[in-house]
Amino acid sequence: MTQFMRKIISFSAGISLAMLSTWSVAAQHSGTITVELNKLEPASNDCILTFVVTSKSAKNIDKLAYEFVVFDDQYRVERMTVFDFRDLGAGKFRVRQFQLPETKCDDLGRILINDVSACNGTELDPQLCSAGLRISNKTNVEFLN
């Protein structure tokens with residue numbers, strides 16, 4: 001066997017180990033949580049944000065909360081707040097609403113999930129709420145994580 005062939009075999013083995021390691025980490029954090037910004041609804045001088053939260057995990061979440069940053073239409077930070085999505089059963093979805101006082105929906109430019117504030121549950125891997133977080137958006141406001 002030539003030295004070139006040995007290098008190719010060694011390289012292939014390294015790639016295989018890296019892929020197995022990645023799959024192992026994914027298996028440990030199996031499941032996802034999807035937070036969908038579903039609707040913005042004006043209410044006087046306030047804006048009501050409606051979210052649909054879906055769990056694709058086999059574990060119940062007793063408390064789920066995220067720190068959000070709300071930006072105005074000039075992309076300046078308008079406020080930072082925590083939205084408490086409360087409990088979320090395994091494989092379930094919930095609709096949650098949050099009111100932004102003295103904020104007009106038309107003045108919103110961007111909403112960012114900045115960090116996990118709470119991710120609690122029996123035998124729940126807290127990485128589910130961060131590494132397993134997926135977002136979607138049905139509004140005209142930019143939604144990021």
Side-chain angles (χ1 to χ4, degrees), residues 6-145:
R6 283 189 202 115
K7 285 182 180 181
I8 291 209
I9 290 170
S10 176
F11 178 76
S12 297
I15 294 289
S16 296
L17 284 174
M19 290 173 66
L20 285 173
S21 173
T22 302
W23 291 333
S24 174
V25 169
Q28 285 177 341
H29 307 300
S30 64
T32 59
I33 295 173
T34 302
V35 177
E36 175 187 273
L37 179 56
N38 183 272
K39 183 177 173 185
L40 303 175
E41 185 176 5
S44 296
N45 271 346
D46 301 346
C47 184
I48 298 172
L49 284 69
T50 302
F51 292 92
V52 178
V53 185
T54 306
S55 171
K56 299 270 180 163
S57 170
K59 304 287 183 185
N60 291 328
I61 301 171
D62 298 331
K63 181 174 177 72
L64 176 64
Y66 289 102
E67 176 186 72
F68 279 73
V69 181
V70 178
F71 296 83
D72 66 16
D73 56 358
Q74 300 297 308
Y75 301 115
R76 294 178 299 228
V77 173
E78 196 268 336
R79 77 180 70 194
M80 293 177 72
T81 188
V82 173
F83 292 153
D84 184 353
F85 291 91
R86 303 189 317 251
D87 63 310
L88 184 60
K92 300 288 184 177
F93 73 93
R94 297 280 184 264
V95 176
R96 303 284 190 229
Q97 290 186 317
F98 302 96
Q99 189 163 349
L100 295 176
E102 299 179 27
T103 302
K104 294 188 180 209
C105 295
D106 289 342
D107 293 341
L108 297 178
R110 176 183 293 156
I111 299 172
L112 167 70
I113 298 179
N114 200 44
D115 202 1
V116 178
S117 183
C119 182
N120 306 324
T122 305
E123 297 181 17
L124 180 71
D125 181 355
Q127 289 296 313
L128 169 68
C129 300
S130 56
L133 176 63
R134 305 293 179 263
I135 61 170
S136 66
N137 187 4
K138 294 195 182 239
T139 74
N140 60 347
V141 172
E142 189 176 7
F143 186 43
L144 307 165
N145 73 329

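The CZ atom of R96 sits 14.0 Å away from atom CG of N38, with the distance rounded to the nearest 0.5 Å. Separating the CD1 atom in I33 from the NZ atom in K56 is a distance of 12.5 Å, to the nearest 0.5 Å. Rounding to the nearest 0.5 angstrom, the gap separating the CG atom in L64 from the OG atom in S55 is 9.0 Å. How far CG of L133 is from OH of Y66: 4.5 Å, rounded to the nearest 0.5 Å.
With sequence neighbours excluded, the residues forming a side-chain hydrogen bond (donor to acceptor under 3.5 Å, both in side chains) with N114 are E67, listed by chain and number. Here E102 pairs with nothing under the salt bridge (Lys or Arg N to Asp or Glu O under 4.0 Å) rule; sequence neighbours left out. Scanning for salt bridge (Lys or Arg N to Asp or Glu O under 4.0 Å) contacts around E41 gives K39, with sequence neighbours left out. D72 is linked by a salt bridge (Lys or Arg N to Asp or Glu O under 4.0 Å) to R76, counting only residues two or more places apart in sequence or in another chain. Remark: R79 engages V70, L100, P101, T103 in a side chain to side chain contact (heavy atoms under 4.5 Å, CB included) (not counting sequence neighbours). Residues that satisfy the side-chain hydrogen bond (donor to acceptor under 3.5 Å, both in side chains) test with D46, not counting sequence neighbours, are Q99. Partners of N137 under the side chain to side chain contact (heavy atoms under 4.5 Å, CB included) rule, at least two apart in sequence or in another chain, are L37, T139, F143.
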Sequence neighbours left out, cut at 3.5 Å: what donor-acceptor pairs do the side chains of residues 105-113 make with other protein atoms?
from	atom 1	to	atom 2	distance (Å)
R110	NE	E142	OE1	3.0
R110	NH2	E142	OE1	3.2

Let me have the donor-acceptor pairs involving side chains of residues 80-95, under 3.5 Å, with sequence neighbours excluded, atom names and distances please.
from	atom 1	to	atom 2	distance (Å)
D84	OD1	R86	N	2.8
D84	OD2	K63	NZ	2.6

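Within the 4.5 Å cutoff, no side-chain heavy atoms of N120 are placed close to those of I61.
With 3.5 Å as the limit, one finds no donor-acceptor pair spanning the side chains of Q127 and D125.
Scanning both residues, G121 and D62, for their nearest heavy atoms gives CA-OD2, 3.4 Å.
Applying the disulfide (SG to SG under 2.5 Å) test to every pair with at least one member in residues 67-98, sequence neighbours left out, gives no pairs at all. For residues 111-145, every residue pair satisfying the disulfide (SG to SG under 2.5 Å) rule, not counting sequence neighbours, is listed here: C119-C129.
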